[in-house]
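Notes follow once the structure below has been shown.
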4 protein chains.
Amino acid sequence: MQSRTPAGRTGRPRSAAADTAILAATRAALVELGWSKLTLGDVATRAGVAKTTLYRRWAGKNELVVDAVAELFDELRLPDSGTLAGDVEGVVLQFAAILARPEAKSGLMAVVAESTRDEALRERIRASIVERQKRLVVEGRARAQGRGELPPETASEEAARTVDLIFDIVAGAVVHRTLVSAEPADEEWVRGFTQVLLTGLAGAGEEPASPP
Amino acid sequence: MQSRTPAGRTGRPRSAAADTAILAATRAALVELGWSKLTLGDVATRAGVAKTTLYRRWAGKNELVVDAVAELFDELRLPDSGTLAGDVEGVVLQFAAILARPEAKSGLMAVVAESTRDEALRERIRASIVERQKRLVVEGRARAQGRGELPPETASEEAARTVDLIFDIVAGAVVHRTLVSAEPADEEWVRGFTQVLLTGLAGAGEEPASPP
Amino acid sequence: MQSRTPAGRTGRPRSAAADTAILAATRAALVELGWSKLTLGDVATRAGVAKTTLYRRWAGKNELVVDAVAELFDELRLPDSGTLAGDVEGVVLQFAAILARPEAKSGLMAVVAESTRDEALRERIRASIVERQKRLVVEGRARAQGRGELPPETASEEAARTVDLIFDIVAGAVVHRTLVSAEPADEEWVRGFTQVLLTGLAGAGEEPASPP
Amino acid sequence: MQSRTPAGRTGRPRSAAADTAILAATRAALVELGWSKLTLGDVATRAGVAKTTLYRRWAGKNELVVDAVAELFDELRLPDSGTLAGDVEGVVLQFAAILARPEAKSGLMAVVAESTRDEALRERIRASIVERQKRLVVEGRARAQGRGELPPETASEEAARTVDLIFDIVAGAVVHRTLVSAEPADEEWVRGFTQVLLTGLAGAGEEPASPP
DNA sequence: CCATAAACGAGACGGTACGTCACGTCTTTAG
DNA sequence: CTAAAGACGTGACGTACCGTCTCGTTTATGG
């Protein structure tokens with residue numbers, strides 16, 4: 001977000017309602033039109049706001065959509081199912097549900113594509129979306145450790161690397177399944193995927209698996 | 001591709017060189033400008049071709065870029081390292097190398113994003129890129145089965161589902177690592193990822209992993 | 001004008017009809033809206049033409065209006081009333097009639113105002129409007145000389161200077177009367193003005209006038 | 001002007017300095033930018049004043065510029081050269097000098113152009129600029145009558161009409177010479193013009209001039 | 001060897017959206 | 001109540017590409 005009211009300042013303050021309306025309008029436009037046909041003029045109209053107001057707050061389409069999409073992922077909650085596998089399945093299902101929504105589908109990959117040529121945009125995506133949701137992995141592990149399902153951590157650097165790997169695998173697989181393969185990431189698929197993931201993680205560090 | 005010379009027809013035939021030049025120009029433009037600033041007029045100019053010639057062969061930017069990017073992935077070869085793990089690591093590294101190239105980075109995610117609202121485009125991506133490369137998974141498994149590293153298949157439907165899962169996990173993880181996390185998918189990372197993957201796949205079907 | 005068909009050239013030729021339609025639309029817009037509220041987008045719409053077509057042919061509002069107004073003055077004809085005074089009165093009345101039309105009123109002074117900061121525009125006005133109509137003064141003088149009302153010319157440089165002076169006086173007075181004083185330059189006024197002008201010109205070169 | 005302090009009123013009074021600063025800033029902006037690129041926001045900034053202050057006092061750009069330009073013409077003085085011709089030449093030269101200044105050039109014709117569609121603006125120009133300077137013609141005639149160079153007036157209505165005609169001729173010719181012909185109204189030109197004018201006026205009413 | 005017909009280059013065309021600018025108004029805090 | 005500050009809705013700007021359309025020209029094949 002960027003509309004900090006500058007506290008002890010003169011002049012008319014920015015409308016807080018406008019921010020909310022604009023982000024909601026952006027999501028609505030993503031649903032109806034998709035990324036490539038979304039225009040800032042249309043978003044402004046939907047939000048009941050002038051185009052200039054929009055440009056005063058966001059640098060362009062990319063930044064706006066990142067913020068609009070980021071809010072979607074704040075709905076993610078770590079369920080407490082009693083087992084690690086259950087918790088993971090629960091989060092992955094939620095993640096898949098969000099990605100199934102057209103506003104996420106349409107917008108997320110597009111800004112990722114744009115971010116390949118825009119360092120600042122990539123950082124914005126990381127800060128607003130990716131890093132923000134790594135909390136789920138960290139919390140999940142801690143909870144599993146409390147239950148005795150996972151051993152306490154050894155080196156913290158190693159632990160961080162594992163979090164990143166898990167995130168790349170989980171997010172990557174769900175995104176690929178949903179957007180490229182265009183198949184639903186439903187309960188059955190999530191169960192299979194989770195089993196492979198947890199088995200792989202549990203066995204890693206030991207000798208590579210060999211078939212019977 | 002679509003420029004088959006229609007055999008028994010009169011009139012000037014389509015230039016075969018034009019196709020090649022256009023796809024090469026498209027990749028060059030992707031490198032220099034990225035997806036969003038690439039224009040068909042510019043591609044035509046680079047290829048030394050009129051805009052009409054380009055539109056006579058491709059319906060638009062999306063289709064053109066899919067074809068231009070698809071050619072990149074035909075370079076993939078399954079190496080013969082002697083072990084399953086080695087073969088997998090080899091392929092994943094090649095895949096990562098291609099994804100590290102700016103023309104792939106810039107173009108691939110963009111067309112995937114577009115494909116979320118364009119069924120025909122999604123099918124074109126699947127046919128030209130995804131399904132086309134699943135051969136690698138199939139070949140790799142067959143070779144491992146020949147070596148005795150993997151058991152012979154049971155149900156073919158189950159096998160197909162596993163191929164899809166593997167592809168989602170591998171492609172997804174590499175893409176996420178490269179584009180979203182923006183970290184290199186180098187040898188160390190690939191080794192760790194491959195171990196998790198193979199361990200997970202080997203253990204799956206058995207009881208869920210449990211910590212020692 | 002500027003849309004010369006470039007003779008031996010490739011590509012689709014410019015539509016000749018568009019030029020005509022645009023200039024007519026410009027005059028219509030001047031009548032309805034006046035200079036300051038005239039927009040090029042509106043002119044394009046009226047002409048049934050895209051805005052880009054308009055910008056392809058004219059650099060901006062100023063150049064367009066000069067061309068649109070210039071055509072108005074091509075209607076001027078030197079009447080043959082039999083006497084110098086009659087001829088002058090006839091032309092001045094026609095000039096006043098054109099200036100009374102709202103499209104001329106509105107546009108002419110505006111471009112003159114703009115031309116004070118734009119050398120190229122001033123030159124365009126001179127070439128398209130002012131110099132183009134000096135033919136009337138020259139013809140009128142020649143005809144009067146033929147009738148014996150005026151002596152044959154002496155020095156041609158002196159003659160040119162006199163033409164300029166006449167033009168400044170005539171055009172200036174009619175414009176000022178019409179636009180600033182906002183009084184009609186009707187027959188009575190024109191008769192009075194012409195008498196002062198011809199008397200002044202006839203007497204000039206001799207001793208300054210003194211009252212009886 | 002319109003900023004009379006409303007006498008028996010409460011609240012903070014209007015700053016008198018602001019008026020002066022704004023008009024000066026307007027002229028400065030006219031010099032630097034010309035009419036069409038002059039913006040009220042810029043004038044306000046230059047004057048060190050908020051935009052709202054400016055709008056509280058003037059209705060818009062037109063009215064502001066009329067006031068700013070009108071002050072320029074108050075410098076005009078009727079010189080006393082001893083002869084009518086000398087007096088006229090002196091005033092015309094002063095008038096030409098003012099019109100040569102960029103703030104006058106740029107602003108005056110523009111507001112005249114605007115006034116063709118704005119009755120109130122035309123009246124403001126007449127009151128602030130035109131009628132205000134007709135004093136010069138009246139004074140000049142009176143002085144010439146005192147010297148015996150001109151006969152005493154006959155009908156006052158006829159006299160008024162003559163003043164108007166003189167003003168249209170003089171102002172019109174100088175403006176046309178300066179802005180349209182873009183030639184300097186220098187001493188030589190003024191001398192020639194004055195001779196034609198005075199000769200014409202002296203002879204008018206009598207029989208039209210005929211060549212020798 | 002010429003006629004037919006399609007592909008070609010060039011570039012004008014009607015559109016749509018862009019991102020910016022100035023307008024004139026409104027809303028805040030300070031005096 | 002005025003002032004400075006600055007956000008606001010509005011609407012035009014001039015530009016860039018889009019995808020289509022005319023042109024005149026080139027290059028095959030088939031009569």
Side-chain angles (χ1 to χ4, degrees), chain A residues 3 5-15 18 36-42 44-45 48-57 59-61, chain B residues 3 5-15 18 37-45 48-61, chain C residues 3 5-6 8-15 18 36-42 44-45 47-57 59-61, chain D residues 5-6 9-15 18 36-45 48-61:
Chain A
S3 84
T5 323
R9 219 63 251 114
T10 170
R12 179 172 173 175
R14 289 196 177 167
S15 158
S36 60
K37 297 193 179 170
L38 176 152
T39 71
L40 294 202
D42 178 63
T45 303
V49 141
K51 215 169 25 148
T52 42
T53 297
L54 210 156
Y55 278 105
R56 221 173 271 125
R57 299 172 187 217
K61 195 164 154 172
Chain B
S3 83
T5 325
R9 214 69 244 108
T10 171
R12 178 172 172 175
R14 288 193 178 168
S15 157
K37 297 193 178 170
L38 177 152
T39 71
L40 294 202
D42 179 63
V43 169
T45 303
V49 140
K51 239 189 337 169
T52 38
T53 297
L54 208 156
Y55 278 105
R56 217 172 275 125
R57 301 171 189 217
W58 283 277
K61 193 164 155 173
Chain C
S3 83
T5 323
R9 220 62 251 114
T10 170
R12 178 171 171 175
R14 289 195 177 168
S15 157
S36 61
K37 296 193 178 170
L38 176 152
T39 71
L40 294 203
D42 178 63
T45 302
V49 141
K51 215 172 23 149
T52 42
T53 295
L54 210 156
Y55 278 106
R56 220 173 271 126
R57 301 172 186 217
K61 194 164 155 172
Chain D
T5 323
R9 216 71 240 110
T10 169
R12 178 169 169 175
R14 288 195 178 166
S15 157
S36 61
K37 297 193 177 170
L38 176 152
T39 71
L40 294 202
D42 178 63
V43 169
T45 304
V49 141
K51 240 189 334 173
T52 37
T53 298
L54 208 156
Y55 277 105
R56 216 171 276 123
R57 301 171 188 217
W58 283 276
K61 193 163 154 174

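Letters A, B, ... are given to chains in the order of the sequence lines, protein chains preceding strands, and every chain is numbered from 1.
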Name the residue closer to the 5' end of DNA chain F, choosing between A/Gly48 and B/Arg12 according to the nucleotide with the nearest heavy atom. A/Gly48
Taking atom NZ of A/Lys61 and atom CG of A/Leu40, what is their separation to the nearest 0.5 Å? 7.0 Å
What distance do C/Thr53 atom OG1 and C/Arg57 atom CZ have between them, rounded to the nearest 0.5 Å? 6.5 Å
Axis bend over the full length of the helix from E/dC1-F/dG31 to E/dG31-F/dC1, computed from five pairs that close each end, to 10 degrees: 10°
Using whole Å, report how far [atom1] of [X] lies from [atom2] of [N].
| X | N | atom1 | atom2 | value |
| --- | --- | --- | --- | --- |
| A/Arg57 | E/dG19 | CZ | C1' | 18 Å |
| D/Trp58 | E/dC23 | CH2 | P | 15 Å |
| C/Arg14 | F/dT22 | CZ | P | 18 Å |

Does E/dA6 have OP1 or OP2 sitting under 4.0 Å from an N or O in the side chain of B/Thr10? no
What is the minimum heavy-atom distance between C/Gly41 and C/Lys51, and which atoms define it? CA-CD, 3.9 Å
What are the two closest non-hydrogen atoms of B/Ala18 and B/Val49, and how far apart are they? CB-CG2, 4.3 Å
Partner set under side-chain contact (heavy atoms from CB on, under 4.5 Å) for B/Arg12, not counting sequence neighbours: none
Just by protein heavy atoms under 4.0 Å, how would nucleotides 12-18 of chain F read 5' to 3' in B, S and -? SSBBBBS
